[in-house]
2 protein chains.
Amino acid sequence: MMASGKGKPSGKPSLVDADTHVESFRQTRTNRRTELVEDYVELIDDLILDGGEARQVDIVQRLGVAQPTVAKMLKRLVNDGFIQQKRYRGIFLTEAGKALAAKSRERHRIVERFLRAVGVSEEAARIDAEGIEHHVGDETLSVFKAFVERNGRGDNT
Amino acid sequence: MMASGKGKPSGKPSLVDADTHVESFRQTRTNRRTELVEDYVELIDDLILDGGEARQVDIVQRLGVAQPTVAKMLKRLVNDGFIQQKRYRGIFLTEAGKALAAKSRERHRIVERFLRAVGVSEEAARIDAEGIEHHVGDETLSVFKAFVERNGRGDNT
DNA sequence: CCGAAAGCATAGCCATTGCTATGAATTTCC
DNA sequence: GGAAATTCATAGCAATGGCTATGCTTTCGG
Ligand SMILES: [Mn+2]
Ligand SMILES: [Mn+2]
Ligand SMILES: [Mn+2]
Ligand SMILES: [Mn+2]
């Protein structure tokens, strides 16, 4: 059986322990399952803040996907208790939705500003942050935040 | 119609232009479609380097998914021309597979070391890098690389 | 050399995320 | 006030990524 111990310890053990390895992949898969929800509620919140309302059409235009794709996702968000839908009047966030949106937007902001602060261009920071944000854990986020506060941040606030 | 111009310019225009916004989301969706392939070929390459061979069973154990999940994915990788499968003898990378693996591993290493260099713990860096890596574009990667080379890197090499 | 164990393949299921095509409801504007 | 345009809903399809259950092959230990 030999439960513990490496199989073939060669030159440099470039590979970490299997149980440790699997932990990273599991966490990444978990993050992937919540990415879209985070982007939606954050976008809805932004649209409301920016223009007073969030319409399905606006979401469609900003995400760059087809309208039924958004419609289906919104149904899921209603089911999960993040939004309320009033036909032809817009999308509204529930308390849970507002909380998730606030958390997501804050994390997004920090990640993007961190990228700017470390020297990434505005465009690349904007694009990369949209994907990176969902995989930044609490500890990393606080490190990023401290870095941004310590060094100058890219542009605003 | 009014094709150009903001709808309601309120206090701070927290929202970027729609076409600009959609670009980020599109890129993120594109990245998501290649994440798994990158992780697989990188892992296969690591397993071969570490133990001389990459077996389906090893991949199963390291990814933490069920065996048929890996079997299906490997079939896809064969189809896409990244690997070759010899039953009961292991998985082998094609030239395309080796190239993708090398690129992915290098990017992964840089991202993880960058996180360490900026002050993230070993465990958090390991976990977060597994997800972040796939969303780091060329420019951001070179910035990270320069940072690691300038400042001390977390641990090895 | 042969039976058990390990490794792998396959079938069939489900959830998610995207699409097109189409139709219904609501607003808007003349 | 009604026709046209917008907005939204729904049906149906496909690809991806996961699962369990099951059975076939190959390898290995005795
Ligand atoms: Mn975001
Ligand atoms: Mn995002
Ligand atoms: Mn990787
Ligand atoms: Mn990864």
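Excluded from the calculations below are hydrogen atoms, water molecules and symmetry mates; all remaining heavy atoms, backbone and side chain alike, are included. Chain naming here is simple, since letters A, B, ... match the order of the sequence lines and numbering starts at 1 in each.
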Enquirer: Could you check how far CZ of Arg29(B) sits from P of dA15(D), rounded to whole Å?
Expert: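 Those two atoms, CZ and P, are 19 Å apart.
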Enquirer: Is it true that Asp80(A) and Arg76(A) make a salt bridge, defined as a side-chain N closer than 4.0 Å to a carboxylate O?
Expert: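 Yes, this pair counts.
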Enquirer: Could you state the NZ-C1' distance from Lys75(B) to dG18(D), rounded to the nearest angstrom?
Expert: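 Spelled out: NZ on Lys75(B) to C1' on dG18(D) is 15 Å.
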Enquirer: Can you tell me the distance, in whole Å, between the CG atom of Asp39(B) and the P atom of dT16(D)?
Expert: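 Between P of dT16(D) and CG of Asp39(B): 17 Å.
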Enquirer: CG of Asn31(A) versus C1' of dT16(C): gap in Å, rounded?
Expert: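 Atom-to-atom, Asn31(A) to dT16(C), this comes out as 17 Å.
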Enquirer: Would you call Lys98(B) and Glu95(B) a salt bridge, taking side-chain N to carboxylate O under 4.0 Å as the test?
Expert: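 A salt bridge links Lys98(B) with Glu95(B).
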Enquirer: Separation of Phe25(A) atom CZ from dG18(D) atom P, in whole Å?
Expert: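 It works out to 11 Å between those atoms.
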Enquirer: Select one nucleotide: of dC19(C), dT17(C), dA9(D), the one nearest the side-chain heavy atoms of Leu36(A).
Expert: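 Between dC19(C), dT17(C), dA9(D), the one nearest the side chain of Leu36(A) would be dT17(C).
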Enquirer: Of Lys72(B) and Val65(A), whose nearest nucleotide on DNA chain C comes first from the 5' end?
Expert: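 Final value for this comparison: Lys72(B).
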Enquirer: Please report the distance, rounded to the nearest Å, between NZ in Lys86(A) and C1' in dT27(C).
Expert: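 One finds 18 Å between C1' of dT27(C) and NZ of Lys86(A), rounded.
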Enquirer: Looking only at the side chain of Arg76(B) (C-beta and beyond, no hydrogens), which of the listed nucleotides dG7(C), dT10(C), dG17(D) gets closest?
Expert: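 Looking only at side-chain atoms, Arg76(B) lies closest to dG17(D).
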Enquirer: Would you indicate what Glu35(B) reaches in the nucleic acid, counting non-hydrogen atoms under 4.0 angstrom: base, sugar-phosphate, or nothing?
Expert: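 No contact.
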Enquirer: Cut-off 3.5 Å, side chains only: do Gln27(A) and Asn31(A) have a donor facing an acceptor?
Expert: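 Looking only at side-chain atoms, Asn31(A) and Gln27(A) do form a donor-acceptor pair, the distance falling under 3.5 Å.
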Enquirer: Students often mix this up, so state it plainly: with edges at 30° and 60°, are the rings of Phe114(A) and Phe147(A) parallel, tilted or perpendicular?
Expert: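 Perpendicular, since the angle between the ring planes exceeds 60°.
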Enquirer: Examine dC19(C): is either OP1 or OP2 under 4.0 Å from a nitrogen or oxygen in the side chain of Thr69(A)? Give yes or no.
Expert: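 Indeed, a polar side-chain atom of Thr69(A) lies that close.
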Enquirer: Can a side-chain donor-acceptor contact be found between His135(A) and Glu35(A) if the only test is distance below 3.5 angstrom?
Expert: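 There is such a pair (donor and acceptor under 3.5 Å, judged by atom type) between the side chains of Glu35(A) and His135(A).
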Enquirer: Is Gln85(A) close enough to dA9(D) that one of its side-chain N or O atoms is under 4.0 Å from OP1 or OP2 there?
Expert: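 Checking dA9(D) against Gln85(A), a side-chain N or O does come within under 4.0 Å of OP1 or OP2.
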Enquirer: In terms of heavy-atom contacts, does CD of Glu23(B) have more than 12 from other residues, nucleotides or ligands at under 6.0 Å?
Expert: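 Yes, enclosed.
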Enquirer: Should we count CD of Gln85(A) as having more than 12 external heavy atoms under 6.0 Å?
Expert: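 Check passes, neighbour count above 12.
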Enquirer: Return the value, rounded to whole Å, for the distance between atom CZ of Arg33(A) and atom P of dG18(D).
Expert: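 Atom CZ in Arg33(A) sits about 10 Å away from atom P in dG18(D).
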Enquirer: In terms of side-chain heavy atoms of Gln56(A), which of dG18(D), dT10(C), dC8(D) is nearest?
Expert: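 Per side-chain heavy atoms of Gln56(A), the pick is dC8(D).
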Enquirer: Measure from CD on Glu53(A) to C1' on dT6(D) and round the result to the nearest Å.
Expert: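 From Glu53(A) CD to dT6(D) C1': 13 Å.
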Enquirer: Using nucleotides 22-30 of chain D, report all nitrogen or oxygen pairs with the protein that are shorter than 3.5 Å.
Expert:
residue	atom	partner	partner atom	Å
dT25(D)	O2	Tyr88(B)	OH	2.9

